[in-house]
Amino acid sequence: MAWLSPAFPVGAFSYSSGIEWAVETGDIKDAATLKDWLSVMLADGGGFCDAILFAQAHRAVLGNDDQALHDVAELAAAFAPSKERHLETTAQGNAFIEAARAWPCEAHDKLKSVWSGPVAYPVAVAVTAAGHGIAVEQGLPAYLHALTANWVSAGVRLIPLGQTQGLHVLAALEGAIIATAERSVQASLDDLGSSAFRADLSSALHETQYTRLFRS
């Protein structure tokens, strides 16, 4: 709960995963369209990809498989559809690892020994959870819930929506969060892939958006 709290210093509030562009162009304009957009991101886009990477990194730590941990960390750092999405996942991942050192575990040292590049956010959280004996069945839904809550928060600020409407959107997405977590645990790295093209495009186009509140 502490690691995935909005107060945990990873700077999540600075990122919208392209939602800012979608609001600017009118793709997202109210609670209903925000829910629809985030449902796709969760089930078929970045949320699903993050969930697979989380599950695979968690499994590698528990299995003491250095090569698998290296491979998933490397793939996660490379597997971003835009410059800003890469910044979003690696800036938060690196910040998470540094902040989570307040809860020391050998898994952090193991990750550092096998991978010297930037750490993607789902890998950082998964390695920390596995290192502290938190099962993937608990850690992964919690990660996805925090990710979705941050997306909703961006929508609340950008559309704008009231806090109550934002909570209704989050509540309506809880089924998708659980379903994505369950599907991802059974998946492999071969299942990685996004079919949320509009969301990926929005992330790339946000780089040149004239007026921006968010970094992605």
Side-chain angles (χ1 to χ4, degrees), residues 1-55 84-85 88-89 91-93 95-96 99-100 121-122 124-126 128-129 134-185 194 196 198-200 202-203 206 209 211-216:
M1 289 175 67
W3 300 336
L4 295 171
S5 161
F8 204 67
V10 296
F13 62 88
S14 299
Y15 303 98
S16 80
S17 296
I19 292 170
E20 185 166 21
W21 181 86
V23 172
E24 176 75 16
T25 58
D27 287 29
I28 300 175
K29 56 188 176 183
D30 52 25
T33 49
L34 177 63
K35 174 185 171 295
D36 290 344
W37 184 276
L38 298 187
S39 295
V40 174
M41 286 182 67
L42 264 173
D44 302 304
F48 176 59
C49 294
D50 271 15
I52 292 179
L53 295 167
F54 185 110
E84 289 189 357
R85 284 288 289 119
E88 180 176 350
T89 191
Q92 290 186 81
F96 184 93
Y121 190 34
V125 181
T128 304
I134 297 172
V136 69
E137 291 81 7
Q138 296 173 315
L140 180 51
Y143 170 83
L144 287 176
H145 187 276
L147 183 68
T148 306
N150 192 66
W151 290 341
V152 170
S153 176
V156 166
R157 285 175 280 168
L158 288 165
I159 293 171
L161 293 177
Q163 293 291 338
T164 300
Q165 285 182 293
L167 284 175
H168 287 170
V169 172
L170 183 60
L173 291 169
E174 287 181 348
I177 290 170
I178 297 300
T180 299
E182 292 176 346
R183 183 161 58 105
S184 302
V185 169
S194 170
R198 185 73 170 173
D200 293 341
S202 73
S203 178
H206 183 267
Q209 189 169 330
T211 302
R212 305 192 311 178
L213 297 177
F214 292 83
R215 298 184 71 188
S216 72

Between S203 and R85, what is the shortest heavy-atom contact and its length?
-> OG-CG, 2.8 Å
The complete set of salt bridge (Lys or Arg N to Asp or Glu O under 4.0 Å) pairs with one or both residues in residues 167-184, sequence neighbours excluded, reads none
Side chain to side chain contact (heavy atoms under 4.5 Å, CB included) involving T89 - partner list, sequence neighbours excluded = A120, Y121, P122
If a pair satisfies side-chain hydrogen bond (donor to acceptor under 3.5 Å, both in side chains) and one of its residues is in residues 153-163, list it, with sequence neighbours excluded.
-> S153-R157
May I ask you to check whether D30 and T33 show a side-chain donor-acceptor distance below 3.5 Å?
-> yes
Locate the shortest heavy-atom distance separating D200 from S194; write the atom from each residue and the value.
-> OD2-OG, 3.2 Å
Would I134 and W3 satisfy side chain to side chain contact (heavy atoms under 4.5 Å, CB included), going step by step from the backbone distance to the final call?
-> CA-CA 12 Å; I134 297 172; W3 300 336; 3.5 Å; yes
Nearest heavy atoms of F48 and A43, plus distance in Å = CB-O, 3.6 Å
Selection residues 34-51 - residue pairs positive for side-chain hydrogen bond (donor to acceptor under 3.5 Å, both in side chains), sequence neighbours left out | D50-Y143
Could you list the residues that satisfy side chain to side chain donor-acceptor pair (under 3.5 Å) with E20, not counting sequence neighbours?
-> H206
Check for a donor-acceptor pair, side chain of S5 on one end and backbone N or O of M1 on the other, with a separation under 3.5 Å.
-> no
Whether S216 side chain and S16 backbone form a donor-acceptor pair below 3.5 Å | yes
Atom CD of E137 and atom CD1 of I178: how far apart are they, to the nearest 0.5 Å?
-> 11.5 Å
What pair of heavy atoms forms the shortest contact from S202 to S17, and how long is it?
-> OG-O, 4.4 Å
Nearest heavy atoms of A199 and M41, plus distance in Å = CB-CG, 4.0 Å
Do E24 and L158 have side chains that get closer than 4.5 Å, going by heavy atoms?
-> no
Which heavy atom in W21 sits nearest to a heavy atom in Q209, and how many Å separate them?
-> CA-OE1, 3.2 Å
Would you please test L38 and I19 for side chain to side chain contact (heavy atoms under 4.5 Å, CB included) and show each step?
-> CA-CA 9 Å; L38 298 187; I19 292 170; 3.8 Å; yes
Sequence neighbours excluded, which residues qualify as side chain to side chain contact (heavy atoms under 4.5 Å, CB included) partners of A51?
-> L140, L144, T180, S184
